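Below you'll find the structure, written out as structure tokens, and then a few comments.
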Amino acid sequence: MLTINLIREQASSVIERLKIKNFDATEIVGNVLDLDRRRRELQTESDSIQAELNSLSREIGSMMKEGRKDEAEAARRGIGAMKDKQKQLADTLEEVTRKMQDELVRLPNLPHTLVTPGRSAEENVVVRSGGVVPELHAGAVPHWDLIKKYDIIDFDLGIKITGAGFPVYKGKGARLQRALINFFLDEGEKAGYREIEPPIVVNEDSGFGTGQLPDKEGQMYHVGIDNLYMIPTAEVPITNIYRDVILDAAELPVRNMGYTPCFRREAGSWGAHVRGLNRLHQFDKVEIVQIAHPDRSYDSLEEMVSHVESLLVKLELPYRIVRLCGGDMSFTSAMTYDFEVWSAAQQRWLEVSSTSNFEAFQANRLKCRFREKGAKQTTLCHTLNGSALALPRIVAALLENNQTPEGIKMPAILVPYTGFALIS
RNA sequence: GGAGAAAUGGCAGAGUGGUCGAUUGCGGCGGUCUUGAAAACCGUUGUCCGGGCGACUGGACCGGGGGUUCGAAUCCCUCUUUCUCCGCCA
């Protein structure tokens, strides 16, 4: 959510910058400004009547104390009309404030000035790439065939137990999951992230704090009986640690990470290109989260990008890093880097990480602030997060790119974690 | 799941209808003293929204929401959470 101050002070620049995201904000900004003006007028009026009521009540109090009962009674009778007026003003104020909030949450975050315009993923900017695209042997197949051949991931069993999109990992397949999770967490710890094991269901306040609610309600599994949501990413619980928190500037940046399963309903997104591990309802992911000082949040973003990149290098996967164009960015992001690995058997890039700076957009909802030493005022923090990494497509790429007639070779870095060098 | 008790500022803990945003202690910050530190003493110390160039000033908040009243931290309703006892249990 953008701050009202920003809109009040820089309305035209807000509208201009949102055009990069192909969003016409003219009408909403106009409504917000009107409602804001209205809100402040109402508050001024309401406050002054309330002040008068408060002072009258105090007078009545002292009259009672001094035993001037008749005077008190008279004053009491005169107050009714003023009370009604105040009640009405307060109600209107509440309604106008709520309307303004409703408008405000419809505005996407402003893209950073480096973000280029564009309509779709084709217009994303490739920042750099690395790794070597492998030459596959004749008869190489996509991962959905490999997992059957070696009996390491079973979709049919998942369908039996739960439903489509809930795979069962078996034997070396399960061991590979655990190996990757441990590898990612160990690397994260070396990079200065504190490990968190959060709850994987969250309440409504948390869903609102990171922006999943109310908009993306349908994307989350909802446990109706207790009104809890299954997390779509560890970003939700880990970022919400800092909801309603005021940090010291010296603590920034805060670096946390966590492994969790992630649950996504992915309503309506099934079809071609989502076969096998490419899109699931439940998957594993290690997420890194930073809370940063606004002046240094882009340093944090670069640091996170380097960290994610180092993981792909160590896993010896061919990858590229793209900076999303305005049209491909999420509602909440100010700048996003996507990481894609080359899937040799599918002959396409698979997105394995999305690393973003949300600036103060999320922090404003979360009320996550910091205070400079000695300062009276608080300022909104910047929040950032990135996948480091999501497992399924990494597994898909590892299986496909490393397949040989003898079996699937594990990258050297993983062998101590898996306990085997070959899936055969 | 059953019965009872409770929820107040960073923490501890007063306050049961009338200048209470809230006594006090601890912690934090600033100062005096000291070569420095400690101790002692003095001062200061919540958040949010308005008005004002500013000095300053109005309002809200005592777990959340609603109600009674001229007036609510204090009374009533409701939800949530915590604690104690019983039951169950990885």
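Computed from heavy atoms alone, side chains included, the values below leave out hydrogens, waters and symmetry copies. Here is how names work: the chains are called A, B, and so on, in the same order as the sequence lines, proteins then strands, and each is numbered from 1. Computed from a predicted structure; not experimentally measured.
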Toward the 5' end of RNA chain B, by each residue's nearest nucleotide, A:S62 or A:L53:
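Upstream on the strand: A:S62.
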Would you kindly compare A:I246 and A:S46 by the position of their nearest RNA chain B nucleotide and give the one closer to the 5′ end?
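In this pair, the answer is A:I246.
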Would you please confirm or rule out a distance under 4.0 Å between OP1 or OP2 of [N] and any side-chain N or O of [X]?
X      : N      : answer
A:R40  : B:rG51 : yes
A:R369 : B:rC48 : yes
A:K83  : B:rG71 : yes
A:R58  : B:rC70 : no
A:N54  : B:rG18 : no

Rounded to whole angstrom units, what separation is found between the [atom1] atom of [X] and the [atom2] atom of [N]?
X      : N      : atom1 : atom2 : value
A:D70  : B:rC70 : CG    : C1'   : 16 Å
A:L89  : B:rG50 : CG    : P     : 17 Å
A:Q43  : B:rU57 : CD    : C1'   : 14 Å
A:N364 : B:rC48 : CG    : C1'   : 13 Å
A:D47  : B:rG50 : CG    : C1'   : 6 Å
A:Q377 : B:rG46 : CD    : P     : 15 Å
A:R243 : B:rG64 : CZ    : C1'   : 13 Å
A:N5   : B:rC48 : CG    : C1'   : 13 Å

[M] and [N], which share atom name [atom1], separated by this distance in whole Å:
N      : M      : atom1 : answer
B:rU74 : B:rU16 : P     : 12 Å
B:rG59 : B:rA7  : P     : 28 Å
B:rC49 : B:rC11 : C1'   : 28 Å
B:rU81 : B:rC75 : P     : 23 Å
B:rU34 : B:rA39 : C1'   : 11 Å
B:rG18 : B:rA72 : P     : 11 Å
B:rC29 : B:rG87 : P     : 50 Å
B:rA12 : B:rC48 : C1'   : 26 Å

Contact class for [X] vs. all strands (heavy atom < 4.0 Å): base, sugar-phosphate, or nothing?
X      : answer
A:R39  : sugar-phosphate
A:R8   : sugar-phosphate
A:Q50  : sugar-phosphate
A:L56  : nothing
A:A51  : sugar-phosphate
A:T378 : sugar-phosphate

Side-chain donor-acceptor pair under 3.5 Å between A:Q212 and A:Q219, yes or no?
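Not at all, the side chains of A:Q212 and A:Q219 share no donor-acceptor pair under 3.5 Å.
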A:Q290-A:Y193 side chain donor-acceptor pair, cut-off 3.5 Å
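Distance-only check passes for A:Q290 and A:Y193.
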CD-CZ distance between A:E235 and A:F358, expressed to the nearest 0.5 angstrom
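Atom-to-atom, A:E235:CD and A:F358:CZ are 5.0 Å apart.
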How many angstroms lie between CD in A:E351 and CG in A:N278, if you round to the nearest 0.5 Å?
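It is 11.5 Å, given to the nearest 0.5 Å.
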Does any nucleotide pair with [N] by Watson-Crick or G-U wobble geometry, both distances under 3.5 Å, and what is it?
N      : result
B:rA90 : none
B:rC75 : B:rG67
B:rU80 : B:rA7
B:rG58 : B:rC49
B:rU23 : none
B:rC85 : B:rG2
B:rA40 : B:rU32

Out of A:V352, A:I288, A:L317, A:V341, which residue meets the side-chain contact (heavy atoms from CB on, under 4.5 Å) rule with A:L389?
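One option only clears the test, and that one is A:V352.
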Report yes if the side chains of A:F339 and A:L311 come closer than 4.5 Å at any heavy-atom pair, otherwise no.
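No. Closest side-chain heavy atoms not under 4.5 Å.
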Name the residue from A:S330, A:S356, A:S354 that meets the side-chain hydrogen bond (donor to acceptor under 3.5 Å, both in side chains) definition with A:T336.
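Filter result, single survivor: A:S356.
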What orientation do A:H293 and A:F370 show, parallel under 30°, tilted 30 to 60°, or perpendicular over 60°?
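Rings of A:H293 and A:F370: tilted, as their planes differ by 30° to 60°.
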